[in-house]
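Report on the following structure.
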Amino acid sequence: MLSRIHQFRRTLLIPLTPQILTPPTSLIFTETSVSAANLTIDEEPTTTTTTTFLSSPSDIISGILAGLKGLGSVKSFRRDHQFRNLFLSLSSAQIEGIIDSLRTENAELAIELFYLLRNDYGCKHSRVSQFLIAHILAGKRRPKALRSLLQHVVQEEGCGSAPSLCELLCDGFRDWNSNCTVWDMLAFAYSRIEMVHDALFVIAKMKDLSVQASVVTYNSLLHNLRHTDIMWDVYSEMKTTGIPQSEHTNSILIDGLCSQSLIQEAVSFLRETRRVEPKPSIVSFNTLMSGFCKMGCVDVAKSFFCLMFKSGLLPDAYSYNIIIHGLCVAGSMEEALELMNDMEKHGIDPDVVTYNILAKGFRLLGMMSGAWTIIHQMLHKGLTPDNFTYTILICGHCQTGNIEEGFKLHKEMLSGGLQSSNISYSVLFSSFCKSGRVDEALSLLYEMETVGLKPDVVMYSILIHGLCKQGDVQRAIQLYKEMCSQRIFPNSFARGAILQGLCEKGTISEARMYFDTVVNSDLVEDIVLYNIMIDRYAKLGNIGETVQLYKQIIERGISPSIVTFNSLVYGFCKTRRLAEARRWLDAVDIYGLVPNAVTYTTLMNAFCERGNIQAMFELLREMEARAVEPTHVTFTVLIKGLCKQRKLQESVGLLKDMFAKGLSPDSVSYNTIIQCFCKAQDTKKAFELHSEMLLHNLQPDHVTYNILINGLCVYGDLKDADRLFSSLRDKNIRLTKVAYTTLIKAHCVKGDVEKARRLFCQMVELGFEISIRDYSAVINRLCKRCFINEAKIFLHMMLSQGVSLDQQICSVMLDAFHLVGDLNSMLELLAEMIKCGLDPG
DNA sequence: TTAGGGTTAG
């Protein structure tokens with residue numbers, strides 16, 4: 001304790017004169033002078049509570065004050081460590097004292113010092129210091145700076161801080177000159193960051209003190225309360241206190257009514273105000289038109305144009321843009337373009353916003369060429385594209401799959417000096433991740449930081465999900481931690497992505513451990529996380545855990561969703577307990593949920609697999625009776641059912657029905673039916689369907705090709721299969737191991753062992769993972785046809801690749817050796833078996 | 001008045 005006092009006394013005795021506080025360019029804190037750098041303080045001096053700034057300054061403060069006043073400015077001390085250390089060693093009360101003293105003598109210096117400490121030295125100011133500066137700024141009529149300062153204060157203090165801040169203003173600053181301005185700005189600041197209750201508290205306190213809030217503050221409050229009825233309480237308070245309304249007040253109220261879908265009331269309100277003020281503001285009309293457009297009533301919105309003219313008001317660019325936007329959203333591009341012409345005729349030049357709206361209209365219709373035409377018109381008019389323009393184009397290109405063009409525009413935007421936004425980065429992130437280019441998305445994440453943008457939780461979630469999807473769960477977890485360290489709180493999406501990643505790439509116990517940690521320790525009641533976990537267990541056929549987790553949901557009072565039930569239905573189907581699956585489908589009603597197409601399709605598929613086609617169609621009828629619309633997956637299951645019954649024409653008919661219903665069959669739909677035709681030995685029709693796919697712009701996938709190759713191998717001509725295989729390879733179409741093994745097996749059967757061997761070697765060279773099953777498939781077939789030497793070649797190949805023998809393959813080979821009387825090979829193999837620990841008996 | 005993105009079920 002003594003040493004602390006001693007130290008403290010030393011700080012008080014430091015002579016801090018203008019000679020010491022000189023700009024860092026000269027020699028400051030020279031060796032001979034006592035400097036702040038020499039100071040060592042074990043602990044911060046005790047911080048005294050409020051209003052200490054009114055007490056008389058201590059010696060050290062006097063020294064510092066003298067020094068500061070001599071300097072006149074502290075701007076050049078931004079990077080001065082010694083100056084910084086000196087101030088960081090002061091207590092809040094001491095800083096308050098300094099600011100308060102400077103306030104009267106050199107207010108500018110007080111402001112400068114305040115921001116230097118906060119922005120450059122990272123010092124967290126006390127509430128008193130902040131209010132002192134607030135009063136200085138208010139007195140100097142610097143509303144922008146005052147607003148920014150108080151917004152910073154309330155942001156830091158957080159929700160529910162109004163009572164204590166009000167108390168401080170009441171106790172410490174009661175009769176200060178600029179107190180009214182500070183009070184009003186405090187209320188405004190709370191309102192601006194949507195801490196409405198705090199704002200209302202400040203206003204109530206102001207009323208007690210007979211301090212009137214400004215119309216701007218009231219308007220902001222009305223704006224934030226526009227979704228609620230409290231809006232009207234505030235409005236009537238405004239009227240009773242006699243605060244004159246601004247032209248915005250009415251339009252905010254109209255906006256409020258529109259946002260509550262009380263559009264008729266909004267119209268009536270406008271009529272009312274017209275009686276009082278015959279020429280309402282154009283903003284009110286625009287707000288009302290926007291309200292109608294948002295409800296999809298563009299025609300009604302347009303009719304307000306006449307009313308505006310009648311009221312002696314001329315529509316402005318906003319008015320036109322609102323209607324043009326409404327038309328674009330409705331897809332009426334022609335009319336939107338006409339209105340732009342009208343606009344020009346009325347002497348209002350379309351602005352960047354008009355062109356952006358139109359460009360987006362074309363983008364929404366997938367018509368990027370139309371979007372470009374608009375942009376060219378805009379350039380022709382001498383207007384400069386802004387970041388909205390670029391974002392629309394980037395988004396459009398990314399959505400039509402042209403990431404390269406999108407990325408090019410992104411770079412162009414940056415090099416053109418435009419500030420990019422989280423929005424355009426999000427679009428790029430998402431597109432890169434969707435096309436498996438997560439690394440490029442990640443490098444953009446780091447680029448963002450260099451342009452001063454901070455990724456948000458959604459952007460992190462996109463990347464985490466992308467990493468998980470490509471199996472990089474470890475990197476995903478790393479990124480997740482990075483996000484947390486940036487104090488960005490993970491939400492359902494980010495957690496869901498990690499859990500999904502662990503489920504797919506890790507073990508179920510790893511996933512469960514993560515799940516339990518999140519669900520139990522973070523008190524997260526997230527049905528999505530439960531759904532992911534339940535679905536995993538269902539997929540694995542672990543019905544016990546599936547039901548257990550369902551019970552946990554109910555016990556914890558969490559509402560299950562239809563997804564929960566769909567996974568349960570799946571689990572019971574998977575374990576072939578169809579009657580129970582049906583009961584789970586019925587249980588959906590208890591929670592006020594409605595089974596959807598997925599619920600029905602899951603059960604229908606299970607009946608189809610069981611060969612109970614009748615039950616499948618009964619479910620379809622039930623679906624229709626309950627007005628649950630079947631999807632393309634439902635139809636695919638139906639097609640599968642019909643195929644099982646060999647009703648080929650009917651299944652083709654269903655395919656046609658799908659198109660008629662506006663449902664697009666996917667590759668699975670086609671694959672199902674193509675396979676059916678192959679099995680019926682109608683490869684011609686199978687290939688016709690393949691062409692039909694291409695005609696519908698549907699890319700056949702590797703399964704389609706496996707089916708066709710297999711069809712030709714088994715039911716057609718092997719030469720055709722070879723030709724198809726080669727042509728696909730020449731076209732660089734991705735083929736899987738199945739395509740190779742199908743063809744290899746066919747060549748083994750047909751006796752072209754050399755061809756089979758060549759293909760097998762190619763398959764190995766391509767790096768496919770070859771299992772004992774692949775070798776068995778070949779060796780079994782060769783042995784069956786007594787190609788013993790050839791079988792031996794494959795056996796050696798297998799052993800040299802490090803694939804171990806198994807009982808089945810040995811017994812097939814031994815039988816074959818026995819059949820041809822190859823005793824040596826038999827003994828050799830028996831010895832090998834003993835080495836492998838297999839039973840030679 | 002104009003730009004955007006993410007999770008779970010068949």
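Reckoned from all heavy atoms, side chains included, excluding hydrogens, waters and symmetry mates. The sequence lines fix the lettering, A, B, ..., with proteins before strands; numbering per chain opens at 1. These numbers were taken from a predicted model, which means no experiment stands behind them.
- Stacking here means ring centres nearer than 5.5 Å and ring planes tilted less than 30 degrees, and by that measure A/F493 does not stack onto B/dT7.
- We find that CD1 of A/I322 is positioned 11 Å from C1' of B/dT2, with the value rounded to whole Å.
- Nucleic acid contact class of A/D526 (heavy atoms, under 4.0 Å, all strands): none.
- Between A/H325 and B/dT1 there is no side-chain polar atom (N or O) within less than 4.0 angstrom of OP1 or OP2.
- The side chain of A/K360 places an N or O atom within less than 4.0 Å of a non-bridging phosphate oxygen (OP1 or OP2) of B/dA3.
- Proximity of A/P490 to A/M483: side-chain heavy atoms (C-beta onward) are separated by under 4.5 Å at one or more points.
- For B/dG4, the base has no donor-acceptor partner in the side chain of A/S430 [N/O atoms by modelled type, under 3.5 angstrom].
- In this structure, A/F305 places its CZ atom 11 Å from C1' of B/dT1, rounding to the nearest Å.
- In this structure, CZ of A/F565 is placed 13 Å from C1' of B/dA9, rounded to the nearest angstrom.
- Nucleic acid contact for A/V427: sugar-phosphate only, since backbone atoms but no base atoms lie under 4.0 Å from a heavy atom of the residue.
- Nucleotide B/dT1 holds its C1' atom 15 Å from the CG atom of A/L383, rounded to whole Å.
- Nearest nucleotide to the A/N356 side chain, out of B/dG4, B/dT2, B/dG10: B/dT2.
- The closest side-chain heavy-atom distance from A/I508 to A/K539 is not below 4.5 Å.
- The stretch residues 409-444 of chain A participates, sequence neighbours left out, in these ring pair (Phe, Tyr, Trp, His ring centres under 6.0 Å) pairs: A/F407-A/H410, A/F407-A/F432, A/H410-A/Y425.
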Legend entry - A/Y600 vs A/E622, side-chain hydrogen bond (donor to acceptor under 3.5 Å, both in side chains): CA-CA, chis, key distance, verdict: CA-CA 9 Å; A/Y600 276 106; A/E622 188 182 314; 2.7 Å; yes
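- Between A/Q399 and B/dG4 there is no side-chain N or O to OP1 or OP2 distance below 4.0 Å.
- Under 4.0 angstrom from either OP1 or OP2 of B/dG10 there lies at least one side-chain N or O belonging to A/K539.
- Among residues two or more places apart in sequence or in another chain, the salt bridge (charged side-chain N to carboxylate O under 4.0 Å, His left out) test is passed with A/D351 by none.
- For A/I562, whose side chain is taken as the heavy atoms from C-beta onward, the closest listed nucleotide among B/dG4, B/dA9, B/dG10 is B/dA9.
- By the 30° and 60° cut-offs, the orientation of the rings of A/H346 relative to A/Y320 is tilted.
- What separates CG of A/L603 from P of B/dA9 is a distance of 18 Å, to the nearest Å.
- Within 4.0 Å of A/D351, counting heavy atoms only, lies no atom of the nucleic acid at all.
- Base engagement by A/A597 is indicated by at least one non-hydrogen atom pair under 4.0 Å involving a base atom.
- For the pair A/L444 CG and B/dG5 C1', the computed distance is 14 Å after rounding to whole Å.
- Side-chain atoms of A/V353 lie closest to B/dT2 of the nucleotides B/dG4, B/dT8, B/dT2.
- Between A/K434 and the phosphate of B/dG6, there is a side-chain N or O to OP1/OP2 separation shorter than 4.0 Å.
- As judged by a 4.0 angstrom heavy-atom cut-off over every strand, A/T634 is placed among the base-contacting residues.
- The side chain of A/V458 lies closest to B/dG6, out of B/dG6, B/dA3, B/dG4.
- Listed nucleotides: B/dT8, B/dT1, B/dA9. Nearest to the side chain of A/Y318: B/dT1.
- Between A/F515 and A/Y530, the ring centre distance stays below 6.0 Å.
- In this model, the phosphate group of B/dT1 is not approached by any side-chain N or O of A/K294 to a distance below 4.0 Å at OP1 or OP2.
- With B/dG10, B/dT2, B/dT7 as the choices, the nucleotide that has an atom nearest any side-chain atom of A/T631 turns out to be B/dG10.
- Among B/dT2, B/dG10, B/dG4, the nucleotide with an atom closest to any side-chain atom of A/D386 is B/dT2.
- To the nearest angstrom, C1' of B/dG5 lies 14 Å from CG of A/L453.
- Remark: the A/T601 side chain and the B/dG10 base include a donor-acceptor N/O pair separated by less than 3.5 Å.
- Side-chain to base pairing of A/N422 with B/dG4: no donor and acceptor N or O lie closer than 3.5 Å to each other.
- The aromatic rings of A/Y591 and A/Y550 sit perpendicular to each other, their planes meeting at more than 60°, with 30° as the lower class boundary.
- Residue-to-nucleotide contacts include a donor-acceptor pair under 3.5 Å from the side chain of A/N491 to the base of B/dG6.
- Using a 4.0 Å heavy-atom cutoff across all strands shown, A/S421 reaches at least one base atom of the nucleic acid.
- If you check every strand for non-hydrogen atoms under 4.0 Å, A/S567 touches sugar and phosphate atoms only.
- Contact check, A/R363 against B/dG4: a side-chain N or O comes under 4.0 Å of OP1 or OP2.
- For the pair A/I375 CD1 and B/dT2 P, the computed distance is 16 Å after rounding to whole Å.
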